[in-house]
Amino acid sequence: MDFRNQIAKEATSAIKNKVFPGCVVGIVNKNGERQILPFGNFTYEQPPQLVKEDTIYDTASLTKSITTGSLALQLIDEGKLKLTDKLIDYIPEFRNSDRENVLIKHLLTYTIDGYGFASLREKSAAGLYETLLTHDFEKRPGTVFKYTNIPAALLGLVIEKIYGDTLDNLADKHFLKPLKMTRSTFYPEKFPIEEIVPTEIDDWRGLVHGIVHDESAYICKKEGKIVGHAGLFSTASDILNFLEVLLHKGTFQGKKYFSEKIVEQIGTNQIAELNDFTGLGWELNQPRYMGNYCTPHTFGKTGFTGTLAICDVEKGVAYVILSNRIFPKRPTDSAAINAFRKVIGEIILKP
């Protein structure tokens, strides 16, 4: 598993080409062997502050899979939630024109026609929730795969309703504490700011550093509300701890987190009828960022800030990339970061 030189070459080139100022790449095998490789700096400024193995990044949408989706999958395992349940069974105040037709499966497979939630930054938390509960979809649920924040935001409400607790408490209890993910949190302010990479300099908040980047999650967090679609800060090592559970088909170090059946569903295409790919709670078989050696069962998730988590159970390997590719300003597209993600995937997943 010595990919060090190949990965170092690609990371050094990406830093030189300003894909990001720095990154951490972490790899773990099913036998527990792992490497964590930090590269570059927090920013492009001088004097440089070196990225370390345990540097904390805003993981952005990894939150959707590692906490929100996984809590929902545990509920399904326990028989407390079904894919065929209606959203309104749990959130009766949901009242757009498709209120009778949105199923839990649609939320876990991103098959509702969502909209730009993060762009609604002029709203309060209450205004965001009102939009979430009333905004119509252009297409019927189940007829289109469309990745937005909306499914995970709604799923977070369902999880909180069933458990009667907040998402951050539930994440701590079910995953972060038992897996010793000690540097993972929805409250980055509890860590020294020098240990957290700045994310972006935007025209709304100025320097985004030690606060959640996603605009709607930021508005809600300011008002004391943790959401299902963004907000988890973490390190490469902590995310590898989580991915090891999936490599071991749900049971790790004597504790069962998921059934084998659920892990199998994560890695099985749920939307073949739409001529597209996605697993249950995770994306599936995406060569554009996983590389050409991914299989129909390779699953993973990206984050807007420049993050990535991938698991290939058949090959017995998982990996994570953390970067702040949108610092100081977000690029016009994801081509450069996806090219880096792809080549790293091809180094790690090559047979």
Side-chain angles (χ1 to χ4, degrees), residues 3 7 20 23-30 34-38 53-73 108 110 147 152 171 175-176 179 181 183-185 197 214 228-250 252 257-258 263 266-267 277-291 293-295 297-325 334 337-338 340-349:
F3 312 116
I7 291 172
F20 42 65
C23 71
V24 186
V25 180
I27 311 147
V28 65
N29 274 5
K30 190 177 178 182
R34 61 168 64 188
Q35 292 187 48
I36 299 176
L37 310 173
E53 288 187 13
D54 64 350
T55 293
I56 298 169
Y57 283 82
D58 181 340
T59 72
S61 288
L62 298 194
T63 307
K64 294 179 172 76
S65 295
I66 289 177
T67 55
T68 310
S70 294
L71 287 165
L73 295 179
L108 278 165
Y110 293 82
Y147 175 71
F175 299 112
L176 307 186
L179 287 169
M181 296 171 69
R183 290 173 69 78
S184 299
T185 184
V197 167
D214 179 272
H229 57 279
L232 181 69
F233 284 68
S234 190
T235 65
S237 178
D238 278 8
I239 291 173
L240 291 183
N241 289 0
F242 182 89
L243 293 175
E244 274 197 272
V245 171
L246 300 173
L247 278 183
H248 288 265
K249 299 182 180 180
F252 186 60
Y257 295 86
F258 306 104
V263 177
I266 293 171
F277 288 92
T278 195
L280 207 56
W282 292 77
E283 295 178 7
L284 194 68
N285 187 21
Q286 298 292 326
R288 67 189 170 86
Y289 66 78
M290 297 177 179
Y293 299 119
C294 73
T295 76
H297 303 292
T298 306
F299 58 87
K301 188 75 192 72
T302 62
F304 181 75
T305 52
T307 58
L308 170 75
I310 302 290
C311 185
D312 193 312
V313 177
E314 292 173 342
K315 295 181 179 180
V317 65
Y319 61 98
V320 59
I321 300 172
L322 300 179
S323 81
N324 53 337
R325 65 109 187 178
S334 299
I337 189 64
N338 279 340
F340 178 74
R341 290 163 169 161
K342 180 176 181 178
V343 73
I344 297 301
E346 289 176 352
I347 291 168
I348 295 169
L349 297 178

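Start at 1 with the first residue, then count along the sequence.
In this structure, I266 and L73 have side chains that are in contact, with non-hydrogen atoms separated by less than 4.5 Å. Using a 4.5 Å heavy-atom cutoff, the side chains of V25 and F3 are not in contact. Taking 4.5 Å as the limit, some side-chain heavy atom of D312 sits within range of a side-chain heavy atom of L349. In this structure the side chain of F277 reaches within 4.5 angstrom of the side chain of Q286, judged on heavy atoms. Taking 4.5 Å as the limit, some side-chain heavy atom of K315 sits within range of a side-chain heavy atom of T295. When side chains are defined from C-beta on, I7 counts as touching I27, because their heavy atoms get closer than 4.5 Å. Side-chain contact between L176 and T185: absent, with no pair of heavy atoms (C-beta onward) separated by less than 4.5 Å. T305 places none of its side-chain heavy atoms less than 4.5 Å from the side chain of Y57.
Annotation: K342, atom NZ; neighbour count of heavy atoms from other residues, nucleotides and ligands within 6.0 Å is above 12.
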Subject >> Test side-chain contact (heavy atoms from CB on, under 4.5 Å) applied to H229 and S61, step by step >> reply: CA-CA 6 Å; H229 57 279; S61 288; over 6 Å; no

Original post:
Taking it one step at a time, do C311 and L247 satisfy side-chain contact (heavy atoms from CB on, under 4.5 Å)?
Top reply: CA-CA 7 Å; C311 185; L247 278 183; 3.7 Å; yes

**OP:** Go through the steps to decide whether Y147 and E283 satisfy the test side-chain contact (heavy atoms from CB on, under 4.5 Å), and finish with yes or no.
**Re:** CA-CA 10 Å; Y147 175 71; E283 295 178 7; 4.0 Å; yes

**OP:** Evaluate the side-chain contact (heavy atoms from CB on, under 4.5 Å) criterion for residues L37 and V24: first the C-alpha distance (whole Å), next the side-chain angles of each, then the deciding distance (0.1 Å), finally the verdict.
**Re:** CA-CA 6 Å; L37 310 173; V24 186; over 6 Å; no

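No side-chain donor-acceptor contact under 3.5 Å links R341 to the backbone of L308. A donor-acceptor pair is defined here as one N or O able to donate and one able to accept, closer than 3.5 Å; no such pair exists between the side chain of S323 and the backbone of C23. Listed for the N324 side chain is no donor-acceptor partner under 3.5 Å among the backbone atoms of V197. T235 places no side-chain N or O within 3.5 Å of a backbone atom of I56 that could act as its donor or acceptor partner. Within the 3.5 Å criterion, the main-chain N or O of L232 finds a donor-acceptor partner in the side chain of T59.
Note: F242 and F175 have perpendicular aromatic rings, judged against thresholds of 30 and 60 degrees for the angle between ring planes.
Here the CD1-CD1 distance, from I321 to I337, works out to 7.0 Å after rounding to the nearest 0.5 Å. One distance of note links CE of M290 with CD1 of I348; it measures 12.5 Å at 0.5 Å rounding. Here the CZ-OG1 distance, from R325 to T307, works out to 9.5 Å after rounding to the nearest 0.5 Å. To the nearest 0.5 Å, atom CG of residue L108 and atom OG of residue S65 are 9.5 Å apart.
Heavy-atom minimum distance, A236 versus I36: CB-CG2, 4.1 Å. What you find for S234 and L322 is that their closest heavy atoms are O-CD1, 3.9 Å. Closest approach of A230 to D214, counting heavy atoms only: CB-CB, 3.6 Å. Taking every heavy atom of both residues into account, A309 and L62 meet most closely at N-CD2, 4.0 Å. The two residues G250 and V263 come nearest to each other via the heavy atoms N-CG2, 3.8 Å.
Of the N and O atoms on the side chains of Y289 and S334, not one donor lies less than 3.5 Å from an acceptor on the other residue. Between the side chains of K64 and Y110, no donor N or O sits under 3.5 Å from an acceptor N or O. A donor-acceptor contact closer than 3.5 angstrom links the side chains of S184 and D238.
Checked options L246, T298, I310; the residue passing with W282 is L246 (criterion: side chain to side chain contact (heavy atoms under 4.5 Å, CB included)).
Stacking of R34 on the aromatic ring of Y319 is not recorded, the 6.0 Å distance cut-off and the 45° axial limit not both being met.
Note on E244 versus K30: no salt bridge recorded, every NZ/NE/NH1/NH2 to OD/OE distance being 4.0 Å or above.
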